[in-house]
Trainee: 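Let me give you the structure first, and then I'll get to my questions.
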Amino acid sequence: MQRGSLGISGVVNTGRPLKMAAELHPRSGKLIGLSNSNRTARRNQPVQEFNHGLVLSKEPLRDRDVFTVRIDKKVNSWSGSIEIGVTALDPATLDFPSSATGLKGGSWIVSGCSVLRDGRSVLEEYGRDLDQLAEGDRVGIQRSSRGELHLWVNGQDCGAAASGLPPKLWAVVDLYGKCTQVTVVSCEPPPPSAERERETIEREEEEDEEDEEEEVVVYGGNANNSPASNGGLGPGALTGGMTTNDALLFHEKCGTLIKLSNNNKTAERRRPLDEFNNGVVMTNRPLRHNEMFEIRIDKLVDKWSGSIEIGVTTHNPNNLDYPATMTNLRSGTIMMSGCGILTNGKGTRREYCEFSLDELQEGDHIGLMRKASGALHFYINGIDQGVAAAQTPGVVYGVVDLYGMAVKVTIVHNHNHSDRLRRNNAIMRALSPDVGRPRPSLSLTPDPEGPDRLLFHPNCGQKAAIISDGRTALRPHATDDFNHGVVLSSRPLRSNEVFQVRIDKMVDKWAGSIEIGVTTHNPAYLQLPSTMTNLRSGTWMMTGNGVMHNGTTILDEYGHNLDRLKAGDTVGVVRKEDGSLHFFVNGVAQGPAAWNVPPSVYAVVDLYGQAAQATIMDDMVDLPPLPEDSSEGPMVMSPGSPCSVGGATTTSDLRFHQLHGTNAVITNGGRTALRQNCRSEFNDAIVISNRCLRDGELFEIVIQKMVDRWSGSIEAGVTAIRPEELEFPNTMTDIDYDTWMLSGTAIMQDGNTMRNNYGCDLDSLTTGSRIGMMRSASGDLHYYINGVDQGVACSGLPPEVYAVIDLYGQCVQVSITSSSGPLDNSLCTSNITEKSFPIHSPVAGVAHRLHSKHGKNVVLLGEGCQAVRVGGYAHGIVFSAKELKADELFEVRIDEVDEQWCGSLHIGLTTLAPPELPSCPLSGLSPSLPHLRTKVTWLLCGSEVLRNGVLQRQNYGCSLDRLTVGNRVGVKRCSDDTMHIFIDGEDMGPAATAVAKNVFAVLDLYGRITAVSIVSSSLMEEVESIKAPSLSSDSCSEGEEDITPVEVEPCALVPTIMAFLENHGKNIQLSNQNLTAARVSSYNQGLLVTAQPLARQQLFQVIDRLNPSWTSSLSLGVIGHSPDRLNFPSTACCLKRSTWLLQRDSVFHNSLKICENYGPNLDTCPEGTVLGLLVDTNSCLHLYVNGMDQGVAAQDIPSPCYPFIDLYGQCEQVTIVTNNVPAVGGESGETRCQGDMEKADMVDGIKESVCWTPPPEVNPNKTCEYQALCSRFKDLLTLPDGYFSEDAKYNLCYCESCHKLRGDEAYYKRGEPPRDYALPFGWCRFALRIKPHCEVSNALKKWHIAYHGTSVGALRRTLDHSQLLPGTSSVFSVSPVKVEGPNGYSEPEENMSPGREVPRVRLSPTMRYSGLEIFAPKVQFRDPRSHRCHQAQVGFQVCVRPGSYKVGPQTLGHSEPLDPRFSNSEIEWITKEQGGTLLYGLLVRIE
């Protein structure tokens, strides 16, 4: 034997040089880099990627040779570490998997403490834990002469891991997880001393099978072979040899459905889908003091509720009659069930810990220990949950109940969790498509430091995880739990720093969604709660559409409802320098949410409910733009390649549509589509083009990412179904109409194969391959693979088809190439003109965008609709995304102003093309626009017009230095080559001449102006003669009072009489020549549709009749297909094909809500309301209420379309309005709305008969609950009835429904000279009796309107004197002021006694100021009808004599504008004249 060893040794030393055998094979995993003569392997991108690090030995191993590597480098970003083993697969031909555990065909791998054969575990607890090895440790693998696999760690043999190995094997090393670099140090037999030691150990193990292992388990868990000490055992515990009964196993006697395996270490419940109990197992012996009994969950099923339960019992398993569940046992038993503790079957602690056993996953660990003191502790994944029971009996057995979802568990002896953590790595990697993608650093402020970048703090909620270098947070098990997803920023926010995240993934299992806010708590020391709203100090959160401070709601109705956001939406928060807190939704500011927020607050995101993953948006775009042609093959194309065609280099407007499959994500400005959860989901990822393909136009994509997990791959084709009408299926081949797809080599039409063996196979394409589709002018469908035409796939396609891509199976990510566009000009239709297609925008109707190239201090929000300067006073240049066409207006609104700077916005036109600039942020771009001289630039700076910085004209129009929040500024290049500037919609005239044709709009957020948002559209401005003034218009020119808006004349536009179709809901009865429809029973089944389509510009109106017995009411809309064969459902909301529905105050498309807070609430419209529908020439749907246009409800309405009505709930009858049916609120002139009355009163002489209080028809909503509530509060004030107008019809409600029904505008003018005032939206007005003295009529015509907030206690005294008086108890409303002379001494006014103080009254033209709580204190009252408590405020609407007051700034210290129409510098009016005010109405607001 010794001689044989010498012989072998001689062969090793002479016949096989060390440097040849101790090398790695040159073929390796795709992220591996080899060096040091192929001895050293390094995994590239070690922080971004954790796998693809596989290396093999250069030569097969020889018997007894130990292939040893040294761990050189590790990182802490991942769990899991080096894996090592052998494989029979030849590395020269091996298709390398992502990790060693994916090797098949005769492979044995040691991973952590487990041994796997061909990816399946064959030994659970073996040797040293490889995950615990450190840098410098050595690990080797050996095939012994007996065909056994041995692991060597630091020169120590860990024993046989497997047997029966084939003779030809290569060593395998996987640089996985933490392990990033190894070096091969030797490949030679072990020293004889080590082998003799191993043989001795093997003989001892044969005599005493598991003594050493059990000693390690019970007394400390160290993995060496030294004998363990007593460790606190009783006498005799170590006497003699320990038998196998001392190993902690499951007892052979167990529940009737239990099957034991793995030497009684594994228990499994049989028939898990048929039975949920009878799964009790117990330990084979009592637990010792301080002994850990730990199990690992191996298998769960989804069928049952409830899951595993674990605990201890005093019952001996030999004598126990096992119950169906352990909680049925009424003695000697303590069990943990869910998150509570049950003693003898009864609950003793309901909330023992924050973990629930019902929420644990496969791979999680559960343990328990009875301490020497008698205290029982439970452990979840190694974390002590504290004392569950204080006094536990001395002799107890461990017990596990495999109940409900729990099917299989295994006893764990070494208590390591590497396998579970390694599994979590894979889950996190699959959930985050952004991991590993390099991102440009964002420079929001000059020269930012790298460590200051906003990231998530690693201390996060129990069910949350931080990945992607701290940029992304997720709940890996979002479908199993809904809370414990709190994450905080890694550092405090700076003042004015926007923290914005994008929702990456949503689940639809839970209610509630993402919450965002700030907190003063440092995440490093914070004990994170289950939800952030549970924190009772230093925290402000936006949740739903409310704002909470320290767990208490401070704003009920604030901003957009976060619970309605979808994947891809963004939310943000900023604390401004004045201490105010603002939130953003999709880049749109929601207004101030809180004040006096301290500095140094951390941003908080709560991934609650539906929100499963979010990423910090500190980049300009979600994904870096694709380099031109970088992944699309060589630059020189074949003659058949689209790239060689002239004109293909022009930028195409083809994008992916914003509607897509549930697992798809659209990024990169609509050019890139990817499938999220690519390793756990293989379908539901259909994407479609944003418009129809033109004849001869190529739609081409490049495959950017694939996975090797699935069979099948990308499918591509076309469909005639509009994206808005498509109910996205799992795969596109499930569609059974108007669809043509290529799947593999098969051409499929409407889901059926019509042709096999087409010229290409999509399943064979790889990363970098390009696929294109084109419909020719003759209706043939062609496919292009890498630019080569594959021939006609099918013929007879309709003229308008959309391109479809199904990211199926292996295909994960694609991008539209620059080759997309016309292939051959002769194939294109001549009547098509290039037009920028509007990408989906959070701002309705806005199609213009800002270019992603801009100044370094600018950040773009809202998909390029908003620009914010976040640092300094300069470097704020932004460009339009596209060149301006002739007569196209590019307009922005001023959103924010910072008064600490001087200077203002610059605006103009430039020939500098932003795409030619370097990547963003542009540190090399000029700091301000006047210095931009690389190309020709025309701009307006203040009131000066400059060309390349040279003065061309002075005193042009209004100075831009006077702009403030709410003002609008625009620029237009006219067809006569002149540049025009627009301010608040008014053309300032030509500013420059001889302007070039190819110009971009350019703006400079300079000085005071820090934020702007786009308010213009790339579509040409339409003539507005048919539109009523916008309800939310921010401008009202001085001449408006002399102009009467031109209303639509419905009779002149109706070409034919509309009537209802005979086909209708089963509860409908038609009459009156099918002009009247009534619901004759029940509350639903009342759908009806018109027989004729609705022509463009034709107004279709109905008048309704109500029955208050029901709730809810009428809804109406249009459908885009013929109703002849329509199968009418019970309600309109069930219509899901080409349907646009107006219901309550929301707009739905195919049953999905697309808009809310639109128009009045239809459920509150009173009987007699006339409702109308109109589709304009731009295919936009409008709702008319009593003749008032409520604005655009939906876009892209097809032609023809048919109006439909749902007579639901209260609405029992409708009649189509014709010439013979007068419309309420129509153009007859006999009735006037509030808007008409206010405009008539603005200027004396327009109407002679001026009625101060409105006519009866002014308040159309006779059943307004809010007005009734305010009236009940007024009655509680016990004010004399004589002070109020006798006719209640003169009272006006300004709630949202009422003022929208009237068509009120927000601002009007009154008096001589005319002055603006705002309507008191949100208040209810009760008309006061006006005393008939001589000045009343003059006051009605010539006095101004103002508001005065007061307290409830001051009402009676004010009304007694019929005017505002000094001495009222309204805080700040009346205050004495001393008049000071030039030297600071008080000087008496003329005709005033010395020492007398002049009382002054504060007024305002808007209730947004006068209604502040400091002026109008809130009082609580209980509604006598509902018995609910409310808060109420009161104020007065007054007439004030012109010249009797002074206009001044607000005195409360607010820096934010209180009203967009009125500057804070002139929002407060002060009057000192008694008799200068006239009370008109009492205002009440109730929360």
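Hydrogens, waters and symmetry mates play no part in the numbers below; they use all other heavy atoms, side chains included.
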Trainee: How long is the straight-line distance from CG of D65 back to OG of S144, given to the nearest 0.5 Å?
Mentor: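 S144 atom OG to D65 atom CG measures 12.0 Å (nearest 0.5 Å).
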Trainee: For K30, which residues count as a side chain to side chain contact (heavy atoms under 4.5 Å, CB included) partner, sequence neighbours excluded?
Mentor: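 K30 satisfies side chain to side chain contact (heavy atoms under 4.5 Å, CB included) with H52 once adjacent residues are dropped.
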Trainee: Out of curiosity, W170 CH2 to L56 CG, how far, rounded to the nearest 0.5 Å?
Mentor: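 Atom-to-atom, W170:CH2 and L56:CG are 9.0 Å apart.
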Trainee: Is it the case that over 12 heavy atoms from other parts of the model lie below 6.0 angstrom from the CD atom of E135?
Mentor: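 Correct, the count exceeds 12.
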Trainee: Counting only N and O atoms by type, is there a donor-acceptor contact under 3.5 Å from the side chain of K74 to the main-chain atoms of L133?
Mentor: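 Side chain of K74 to backbone of L133: a pair is present.
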Trainee: Does a side-chain heavy-atom distance below 4.5 Å link W108 with T87?
Mentor: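 A side-chain contact is absent here, since even the closest heavy-atom pair is not under 4.5 Å.
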Trainee: Measuring only between side-chain heavy atoms, which start at C-beta, is S107 closer than 4.5 Å to L89?
Mentor: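 They are in contact (side-chain heavy atoms under 4.5 Å apart), so the answer is yes.
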Trainee: Quick one: closest heavy-atom pair of M292 and G367, and the distance?
Mentor: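 Heavy atoms only, the tightest pair is SD-CA, 4.1 Å.
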Trainee: Can you sort out the partners of A171 under side chain to side chain contact (heavy atoms under 4.5 Å, CB included), two or more places apart, ordered by chain and number?
Mentor: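 A171 satisfies side chain to side chain contact (heavy atoms under 4.5 Å, CB included) with S57, L61, F67, I141 only.
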Trainee: Where is the tightest heavy-atom contact between G140 and V66, given as atom of each residue plus distance?
Mentor: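 Nearest pair, atom of G140 first, then V66: CA-CG1, 3.9 Å.
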Trainee: Keeping the roles fixed (side chain from E252, backbone from F250), state whether a donor-acceptor pair exists under 3.5 Å.
Mentor: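 Judged by distance alone, no pair lies under 3.5 Å.
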Trainee: First locate atom CZ of R270, then atom CG of L402, and finally report the distance between them rounded to the nearest 0.5 Å.
Mentor: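 Reported value, rounded in 0.5 Å steps: 12.0 Å.
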Trainee: State the OG-CG distance between S28 and L54, to the nearest 0.5 angstrom.
Mentor: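 Answer for the OG-CG pair, S28 versus L54, is 8.5 Å.
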Trainee: Looking at K104 and D118, is any side-chain nitrogen of the basic one under 4.0 Å from a carboxylate oxygen of the acidic one?
Mentor: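 Salt bridge flag = no for K104 with D118.
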Trainee: Taking side chain to side chain contact (heavy atoms under 4.5 Å, CB included) as the definition, give me every residue that meets it alongside R70, ordered by chain and number, with sequence neighbours left out.
Mentor: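 Scan of R70 (side chain to side chain contact (heavy atoms under 4.5 Å, CB included), adjacent residues dropped) gives D72, R138, T183, V185.
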Trainee: What verdict does the side chain to side chain contact (heavy atoms under 4.5 Å, CB included) test give for L130 and V139, after you've listed the backbone C-alpha separation in whole Å, the side-chain angles of each residue and the deciding distance to 0.1 Å?
Mentor: CA-CA 8 Å; L130 299 187; V139 58; 4.0 Å; yes
Trainee: Regarding Q48 and D469, do their side chains bring together a donor and an acceptor under 3.5 Å, going by distance alone?
Mentor: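 Side chains of Q48 and D469: pair found under 3.5 Å.
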Trainee: Should L116 and S111 count as side-chain neighbours, where that means a heavy-atom distance under 4.5 Å?
Mentor: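 With C-beta onward as the side chain, the pair touches.
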Trainee: Looking at P91, is its backbone amide N or carbonyl O close enough to the side chain of R27 to form a donor-acceptor pair, meaning the two atoms are under 3.5 Å apart?
Mentor: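 Yes; at least one donor-acceptor contact below 3.5 Å.
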Trainee: With no hydrogens and no angle check, is any side-chain donor or acceptor of R43 less than 3.5 Å from a backbone partner on L175?
Mentor: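 Judged by distance alone, yes, a pair lies under 3.5 Å.
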Trainee: Under a 4.5 Å cut-off applied to non-hydrogen side-chain atoms, are Y397 and V312 in contact?
Mentor: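 No, every pair of side-chain atoms sits at 4.5 Å or beyond.
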Trainee: May I ask you to test the C187-V184 pair for a side-chain heavy-atom distance under 4.5 Å?
Mentor: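 Side-chain contact under 4.5 Å: no.
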Trainee: Would you kindly say whether D384 and H377 are connected by a side-chain donor-acceptor distance under 3.5 Å?
Mentor: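 The criterion, which ignores hydrogens and geometry beyond distance, is satisfied for H377 and D384.
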Trainee: Would you find a donor on one side and an acceptor on the other, under 3.5 Å apart, between the side chain of R370 and the backbone of T392?
Mentor: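 At least one qualifying donor-acceptor pair exists.
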Trainee: Other residues, nucleotides and ligands only: do more than 12 of their heavy atoms fall within 6.0 Å of NZ on K371?
Mentor: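 It does: K371 NZ has more than 12 such atoms within range.
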Trainee: Side chains of N290 and R288: do they bring a donor and an acceptor to under 3.5 Å?
Mentor: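 No pair is found: no donor N or O on one side chain lies under 3.5 Å from an acceptor on the other.
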Trainee: Heavy atoms, side chains only, cut-off 4.5 Å: are D364 and R296 in contact?
Mentor: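 No. Closest side-chain heavy atoms not under 4.5 Å.
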Trainee: Rounded to the nearest 0.5 Å, how far does CZ of F378 lie from CG of L357?
Mentor: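 Answer for the CG-CZ pair, L357 versus F378, is 8.0 Å.
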Trainee: Between the main-chain N or O of A92 and the side-chain N or O of D90, is there a donor-acceptor pair closer than 3.5 Å?
Mentor: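 A pair under 3.5 Å: yes.
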Trainee: Regarding K463 and E359, does a basic nitrogen lie under 4.0 Å from an acidic carboxylate oxygen?
Mentor: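 Between E359 and K463 there is a salt bridge, with a charged N closer than 4.0 Å to a carboxylate O.
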Trainee: Closest approach of V280 and I258, non-hydrogen atoms and distance?
Mentor: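 Of all heavy-atom pairs spanning V280 and I258, the closest is O-CG1, 4.0 Å.
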Trainee: Can you name the closest pair of heavy atoms from E291 and P286 and give their distance?
Mentor: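 Reported closest heavy-atom pair: OE1-O, 4.5 Å.
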Trainee: What closest approach, in Å, do I109 and E83 show between heavy atoms, and which atom pair accounts for it?
Mentor: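 Taking every non-hydrogen atom into account, CG2-CB, 4.1 Å.
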Trainee: Applying side-chain hydrogen bond (donor to acceptor under 3.5 Å, both in side chains), run through T410 and D298 and close with a yes or a no.
Mentor: CA-CA 7 Å; T410 296; D298 293 335; 2.4 Å; yes
Trainee: For the backbone of L31 and the side chain of N44, can you confirm whether one donor and one acceptor N or O come within less than 3.5 Å of each other?
Mentor: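 Looks like yes, one N/O pair under 3.5 Å.
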Trainee: If you define the side chain from C-beta out and look only at heavy atoms, does anything of F293 sit under 4.5 Å from I411?
Mentor: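 Yes, side chains in contact.
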Trainee: With H251, which of T283, N318, N284, N264 fulfils side chain to side chain donor-acceptor pair (under 3.5 Å)?
Mentor: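 Of all the options given, the one that passes is N318.
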Trainee: When you measure from the side chain of Y126 to the backbone of G112, do you find a donor-acceptor pair of N or O atoms at a distance under 3.5 Å?
Mentor: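 Answer holds: no.
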Trainee: Answer yes or no: is there a side-chain heavy-atom contact under 4.5 Å between T180 and R42?
Mentor: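 No, side chains not in contact.
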Trainee: Please confirm whether the backbone N or O of R39 pairs with a side-chain atom of S37, one donor and one acceptor, at under 3.5 Å?
Mentor: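 Judged by distance alone, no pair lies under 3.5 Å.
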Trainee: I need the H365 NE2 to I297 CD1 distance, nearest 0.5 Å.
Mentor: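 It is 9.0 Å, given to the nearest 0.5 Å.
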Trainee: Using side chain to side chain contact (heavy atoms under 4.5 Å, CB included), reason through L300 and V407 one step at a time and then give a plain yes or no.
Mentor: CA-CA 5 Å; L300 298 169; V407 175; 5.9 Å; no
Trainee: Which label fits W78 and F50: parallel for a plane angle under 30°, tilted from 30 to 60°, or perpendicular past 60°?
Mentor: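 The arrangement is tilted - the two ring planes meet at 30° to 60°.
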Trainee: Is the closest side-chain donor-acceptor distance between D174 and S99 under 3.5 Å?
Mentor: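 Result is no, nothing qualifies.
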Trainee: Determine whether N51 and Y176 satisfy the following criterion, side-chain hydrogen bond (donor to acceptor under 3.5 Å, both in side chains), listing intermediate values before the conclusion.
Mentor: CA-CA 5 Å; N51 53 9; Y176 184 86; over 6 Å; no
Trainee: Have a look at P189 and tell me which of Q142, R62, R64 forms a side chain to side chain contact (heavy atoms under 4.5 Å, CB included) with it.
Mentor: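 Of all the options given, the one that passes is R64.
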Trainee: Search all heavy atoms of A88 against all heavy atoms of G105 and return the closest pair with its distance.
Mentor: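 Residues A88 and G105, closest heavy atoms: CB-O, 4.0 Å.
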Trainee: Within a reach of under 6.0 Å around NZ of K299, are more than 12 heavy atoms found that belong to other residues, nucleotides or ligands?
Mentor: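 Check fails, neighbour count at 12 or below.
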Trainee: Check step by step if side chain to side chain contact (heavy atoms under 4.5 Å, CB included) holds for I71 and I82.
Mentor: CA-CA 8 Å; I71 301 175; I82 189 173; 4.0 Å; yes
Trainee: Yes or no on side chain to side chain contact (heavy atoms under 4.5 Å, CB included) for L260 and T266, after CA distance, side-chain angles and deciding distance?
Mentor: CA-CA 6 Å; L260 299 179; T266 298; over 6 Å; no
